[in-house]
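A quick write-up on the structure given underneath.
Labels below follow one simple rule: chain letters A, B, ... track the order of the sequence lines, proteins then strands, and each chain is numbered from 1.
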Amino acid sequence: MREEPRGVRARPVEIATALAYAVLGGLAMFDSARIGFGWGFDGPQSGTFPYWVGGILMLASGAVLASAALRRTRAIFATRAQLASVARVFVPASVYVAAMHVLGLYVASAALLAWFMSRLGGYPWVVSIASGLATAAVVFVVFELWFLVSLPKGPLEDLLGY
Amino acid sequence: MENLAALAAGFAVALTPSNLALMLIGVLLGVVIGVLPGLGGANGIAILLPLTFAMEPVSAVIMLSCIYWGALFGGAITSILFNIPGEPWSVATTFDGYPMAQRGRAAEALVAAFTSSFFGAFVAIVVITAIAPLVARFALRFGPPEFFAVMFLSFAAFVGQGRGSAWKTLAAMMAGFLLACFGLDTVTGALRLTFGSTELMRGFDFLVAVIGLFGISEVLIAIEEGLTFQGAKARIDPRVVLRVWQELPRYSMIALRSSVIGCWMGVTPAGATPASFMSYGMARKLSKQGAAFGTGRIEGVIAPEVANNAAGVSALLPMLALGVPGSPTAAVLLSGLIMWGLQPGPMLFVEQKDFVWGLIASMYLGNVAAFLVVLTLVPLFAAILRIPFAIIAPLILIACAIGAYTINSAMFDVVLMLVFGLVGYVMKKLDYPLAPMVLALVLGNRTEQAFRQSLLLSDGSLAVFFRGWLSSTIMTAGVLLLFLPLIGRASAVLRARLA
């Protein structure tokens with residue numbers, strides 16, 4: 001007997017996703033009903049198209065939901081180890097996006113690269129931080145100076161006069 | 001003849017030194033993008049699109065389309081050398097390409113893959129040159145019902161020809177249409193599905209969705225699989241090239257068949273990925289040595305590679321002639337057209353001759369360039385994969401964030417990108433197809449517009465779509481394609497019962 005890997009099963013995720021789609025479809029129908037999905041004095045009302053699209057979405061996700069609910073399977077969505085690796089990328093990425101709002105893109109990008117290199121790549125801190133700063137500098141030259149595209153900036157750039 | 005004259009004029013546009021340089025840059029970038037898991041044609045081009053605002057439209061489209069050709073070629077490199085498809089459409093190439101590499105025949109497999117890719121692309125470009133102007137001229141007669149019928153046909157083809165669950169394809173597609181509905185309704189000025197949020201008033205930007213769905217989610221999938229790159233040597237000896245080329249004419253039937261499959265799947269937006277699988281399956285079924293497929297048969301590399309490049313290139317045919325893209329990458333190029341101030345659709349061939357024919361001419365040149373680049377620089381591209389993922393992953397994340405931000409200079413889009421990344425990850429894991437969602441998102445507004453205008457013509461009767469012979473033919477074809485899987489299943493059941 002092969003030992004079953006521990007993790008999240010596919011069935012609940014399948015059901016939850018189908019439910020999420022159904023809710024989206026339902027919301028669309030609800031909101032379309034609010035603005036009208038019939039025949040206005042100037043043609044089809046704003047809600048017509050999303051109303052029916054939402055309806056088809058509910059139908060399709062209902063079918064997916066039914067087949068997922070009826071099929072008894074022990075298939076795995078992702079093992080714990082897999083989810084842990086995904087989190088190792090996704091959590092820093094979320095922090096990165098949040099930090100971008102406060103610190104600007106350059107500082108956040110430098111920090112992101114340094115974090116990945118030292119925590120996941122096992123590089124020494126000095127090398128990682130230097131690489132992060134170098135990346136930010138390259139991005140700055142390419143975007144702000146060559147292409148004249150302004151990227152989000154934070155307090156550090158203010159301090160430096162940009 | 002008229003086409004050839006127009007093509008010659010197109011070459012005059014494409015052959016300027018600056019455009020040639022852009023072509024080369026595009027191809028090089030494209031191969032790198034194709035090699036890296038996490039960066040693909042669609043999101044690679046989406047990230048770079050905002051940088052082309054200030055460029056001449058024809059130069060911009062030449063560079064961006066060359067990225068696409070490069071990515072189509074590059075996907076095969078990692079499939080063969082590392083058993084890791086750099087692009088979804090090169091998954092089928094791993095089946096026989098990697099076993100060949102394991103037996104020390106990597107160079108042969110690579111030469112066969114590149115040559116096949118070039119062949120497929122070339123056939124598709126010839127098809128575009130010959131047919132696209134005709135389709136466009138024909139489409140000038142289209143009214144709203146016909147346009148809606150064409151959209152219906154395209155989306156029905158997804159459901160009918162998709163490989164997974166038809167319901168999931170339908171759900172993904174409808175979700176895409178709904179995402180397109182968010183925000184201001186441009187016809188009546190009503191706010192739809194915003195639920196009071198001002199951020200949602202702008203609606204969902206298609207490019208942001210592409211970067212999240214294809215870029216971020218790819219990185220998550222790649223890290224989950226715990227990538228370790230241990231691959232074969234990648235040097236290509238000129239003698240091997242000649243030997244493989246001598247051998248290849250034997251497989252011309254497979255190549256021709258695969259290019260037909262590829263062109264068909266590319267024009268109907270089923271896309272390059274199913275085309276490569278279908279062509280591989282056909283080659284295996286029709287071969288006398290079918291059982292030996294998967295152990296390193298060269299036909300198993302030729303068939304998918306011809307088909308995926310033919311499909312990838314011919315996806316531009318409906319994009320140019322009708323304004324209906326045949327693949328996510330073509331859809332990104334389409335939103336580029338809008339960004340550069342061009343109106344996609346059949347009028348493009350009338351009003352923007354230089355642009356269209358310059359692009360078509362550059363397709364010939366770009367594919368030759370891509371072919372030569374991959375053939376000579378393979379070791380360099382393979383070396384990119386030896387860079388540890390701990391460096392590649394954050395760089396891709398940063399590129400995606402910059403790309404998502406620069407589209408509208410909106411921070412909210414970067415957050416959305418991350419959300420789309422997570423959605424894309426879950427969808428991929430559960431086998432929901434992403435391409436129909438993305439195409440529905442980009443075509444949603446125009447589909448709805450065609451739908452509304454048609455209904456206005458008929459005072460609200462749905463019969464309008466079956467009234468004219470043209471729209472009724474297209475609609476009927478669409479309905480047939482939609483129920484293709486049902487018909488196939490029913491006939492299989494029937495045959496099983498008779499046997």
Any non-hydrogen side-chain atom of [X] less than 4.5 Å from a side-chain atom of [Y]?
{"X": "A:S46", "Y": "B:R452", "result": "yes"}
{"X": "B:W167", "Y": "A:L59", "result": "yes"}
{"X": "B:K168", "Y": "A:E14", "result": "yes"}
{"X": "A:F49", "Y": "B:F177", "result": "yes"}

Residue-level interface, residues 81-97 of chain A with chain B, non-hydrogen cut-off under 4.5 Å: A:Q82, A:L83, A:S85, A:V86, A:V89, A:F90, A:A93, A:S94, A:Y96, A:V97
Neighbourhood of chain B inside residues 148-156 of chain A, taking heavy atoms under 4.5 Å as contact: A:V149, A:S150, A:L151, A:P152
When rounded to the nearest 0.5 angstrom, what distance separates [atom1] in [X] from [atom2] in [Y]?
{"X": "A:T17", "Y": "B:K429", "atom1": "OG1", "atom2": "NZ", "value": "12.0 Å"}
{"X": "A:S61", "Y": "B:L170", "atom1": "OG", "atom2": "CG", "value": "9.5 Å"}
{"X": "B:L178", "Y": "A:Y51", "atom1": "CG", "atom2": "OH", "value": "13.0 Å"}
{"X": "B:D185", "Y": "A:Q45", "atom1": "CG", "atom2": "CD", "value": "11.0 Å"}
{"X": "B:L193", "Y": "A:S32", "atom1": "CG", "atom2": "OG", "value": "5.5 Å"}
{"X": "A:I35", "Y": "B:R192", "atom1": "CD1", "atom2": "CZ", "value": "6.0 Å"}

Summary of ring-ring contact (aromatic ring centres under 6.0 Å, His included) pairs that have at least one residue in residues 404-431 of chain B, sequence neighbours excluded: B:F204-B:F420
Qualifying ring-ring contact (aromatic ring centres under 6.0 Å, His included) pairs, either residue in residues 56-77 of chain A, two or more places apart: none
Part of B:M427 within contact of chain A (heavy atom distance under 4.5 Å): side chain
Contacting moiety of B:A393, where chain A heavy atoms sit under 4.5 Å: side chain
With chain A as the partner, which of [options] has the greatest number of non-hydrogen pairs under 4.5 Å?
{"options": "B:C400, B:C181, B:S409", "result": "B:C181"}
{"options": "B:L418, B:V426, B:L191", "result": "B:L418"}
{"options": "B:A399, B:A172, B:A171, B:G421", "result": "B:A171"}

Assess whether atom [atom1] of [X] is packed by more than 12 heavy atoms of other residues, nucleotides or ligands within 6.0 Å.
{"X": "B:W340", "atom1": "CH2", "value": "yes"}
{"X": "A:W146", "atom1": "CH2", "value": "no"}
{"X": "A:F30", "atom1": "CZ", "value": "no"}

Ring center gap for B:F389 and A:F116 short of 6.0 angstrom: no
B:E448 and A:T48: CA distance, side-chain angles, deciding distance, side chain to side chain contact (heavy atoms under 4.5 Å, CB included) verdict: CA-CA 9 Å; B:E448 184 183 2; A:T48 314; over 6 Å; no
Aromatic ring pairing B:Y432/A:Y21, orientation class (parallel under 30°, perpendicular over 60°, tilted between): tilted
Top residue by heavy-atom pair count (under 4.5 Å) with chain B, among [options]?
{"options": "A:W115, A:Y123, A:W39, A:F143", "answer": "A:W39"}
{"options": "A:A98, A:A63, A:G121, A:P50", "answer": "A:P50"}
{"options": "A:L27, A:L120, A:T135", "answer": "A:L27"}

Proximal component of A:M58, with respect to chain B [non-hydrogen, under 4.5 Å]: neither
